[in-house]
Amino acid sequence: MTGAVPGPDGRLRCPWALSTEDYVTYHDEEWGRPLHGDDALFERLSLEAFQSGLSWLTILRRREGFRTAFDGFKIASVATFTDADKERLLADAGIIRNRAKIDATLANARLLADWPAGELDTLIWSFAPDAAKRPVPRTIADIPAVSDESTALSKALKKRGLRFIGPTTAYALMQACGLVDDHLSDCVARGKA
């Protein structure tokens with residue numbers, strides 16, 4: 001059972017955050033912090049889908065490449081991408097060149113472009129559990145890979161036509177965007193929302 005461990009500065013952190021400096025920064029400054037905005041959430045939704053089956057570090061280190069390739073994940077812009085853009089993406093070594101994940105990202109953008117402003121944000125955040133009713137994780141073993149809320153979020157997004165968002169991906173999205181705070185109880189970043 002692994003609890004929070006001292007980082008290079010001696011402060012306690014979630015163990016996963018200490019393998020690289022990239023992770024330390026991401027853990028301390030982003031992960032678990034509330035994120036709002038349709039474009040920002042579309043970016044995270046897309047990156048979590050690209051991460052499926054890979055290490056998050058792989059995505060994190062290519063995030064700027066993704067942002068460049070997908071025009072900052074602006075839904076309105078990505079929704080206009082053509083077949084030529086898709087071929088450009090499939091040839092872009094700065095991203096993960098997975099056809100199914102690229103197709104899903106483009107299809108999701110086209111779908112979301114027709115939603116009223118703020119609807120993606122409202123829908124995703126409607127699945128945030130009551131923090132007061134969630135136990136605070138003390139060890140990594142206390143953190144689930146899925147939850148009832150992530151399963152329901154996945155179903156709601158799929159029902160609306162979004163692709164590549166299963167319950168595990170939905171839970172990772174919830175963690176990354178601050179819908180849940182899965183920093184361990186002794187972690188320096190716990191409750192920093």
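It should be emphasised that the depicted structure is a prediction, and the values quoted were computed from it without experimental measurement. Both backbone and side-chain heavy atoms feed into the values below; hydrogens, waters and symmetry mates do not.
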What's the spacing between [X] [atom1] and [Y] [atom2] if we round to 0.5 Å?
X: T169; Y: E48; atom1: OG1; atom2: CD; value: 7.0 Å
X: L60; Y: T20; atom1: CG; atom2: OG1; value: 7.5 Å
X: L45; Y: L157; atom1: CG; atom2: CG; value: 6.5 Å
X: L12; Y: R190; atom1: CG; atom2: CZ; value: 14.0 Å
X: H27; Y: S19; atom1: NE2; atom2: OG; value: 11.5 Å
X: F70; Y: I102; atom1: CZ; atom2: CD1; value: 5.5 Å

I'd like to know if R13 pairs up with D28 as an ion pair, taking the criterion as any Lys NZ or Arg NE/NH1/NH2 lying under 4.0 Å from an Asp or Glu carboxylate oxygen. yes

Are E119 and R160 ion-paired here, with the side-chain N under 4.0 Å from a carboxylate O? yes

Quick one: closest heavy-atom pair of [X] and [Y], and the distance?
X: P167; Y: S154; result: N-OG, 3.5 Å
X: G118; Y: D38; result: N-OD2, 2.6 Å
X: P15; Y: G3; result: CG-O, 3.3 Å
X: I96; Y: F66; result: N-CZ, 3.4 Å
X: N98; Y: L90; result: C-CD2, 4.4 Å
X: S46; Y: F73; result: CB-CE2, 3.6 Å

Check whether [X] reaches the backbone of [Y] with its side chain - one donor and one acceptor, N or O, closer than 3.5 Å.
X: T68; Y: E64; value: yes
X: D92; Y: R88; value: no
X: S52; Y: A49; value: no
X: D182; Y: I143; value: no
X: D181; Y: G191; value: yes
X: D85; Y: T82; value: yes
X: R62; Y: I95; value: yes
X: R11; Y: C187; value: no

Would you say [X] and [Y] are hydrophobically clustered, going by side-chain heavy atoms of ILVMFWY under 4.5 Å?
X: L47; Y: L57; answer: yes
X: F164; Y: Y171; answer: no
X: L179; Y: L35; answer: yes
X: V136; Y: V5; answer: no
X: L184; Y: L18; answer: no

Hey, mind stepping through H183 and K192 against side-chain contact (heavy atoms from CB on, under 4.5 Å) and telling me if it holds? CA-CA 10 Å; H183 287 286; K192 298 287 186 192; over 6 Å; no

Is there side-chain contact between [X] and [Y], with heavy atoms separated by less than 4.5 Å?
X: S147; Y: R134; value: no
X: E30; Y: R44; value: yes
X: R61; Y: D22; value: yes
X: C177; Y: I124; value: no

Heavy-atom count around D130 CG within 6.0 Å, excluding the residue itself: above 12? yes

Atom CZ of R67 with >12 non-hydrogen neighbours under 6.0 angstrom: yes

Aromatic rings H36 and W125: how do their planes relate, parallel, tilted or perpendicular, breaks at 30° and 60°? parallel

Should L41 and D121 be marked as a side-chain contact (heavy atoms from CB on, under 4.5 Å) after you check the CA-CA gap, both sets of side-chain angles, and the distance that decides it? CA-CA 7 Å; L41 289 167; D121 187 303; 3.8 Å; yes

Compute the centroid of each ring, for W56 and then for Y26, and state whether the two points are separated by less than 6.0 Å. yes

K74: side chain to side chain contact (heavy atoms under 4.5 Å, CB included) partners, not counting sequence neighbours: D39, D71, S77

Give every donor-acceptor pair under 3.5 Å between a side-chain atom in residues 104-117 and any protein atom, sequence neighbours left out.
{"residue": "T105", "atom": "OG1", "partner": "K101", "partner atom": "O", "Å": "2.9"}
{"residue": "N108", "atom": "OD1", "partner": "R163", "partner atom": "N", "Å": "2.8"}
{"residue": "N108", "atom": "ND2", "partner": "A104", "partner atom": "O", "Å": "3.3"}
{"residue": "N108", "atom": "ND2", "partner": "R163", "partner atom": "O", "Å": "3.1"}
{"residue": "R110", "atom": "NH2", "partner": "F81", "partner atom": "O", "Å": "3.1"}

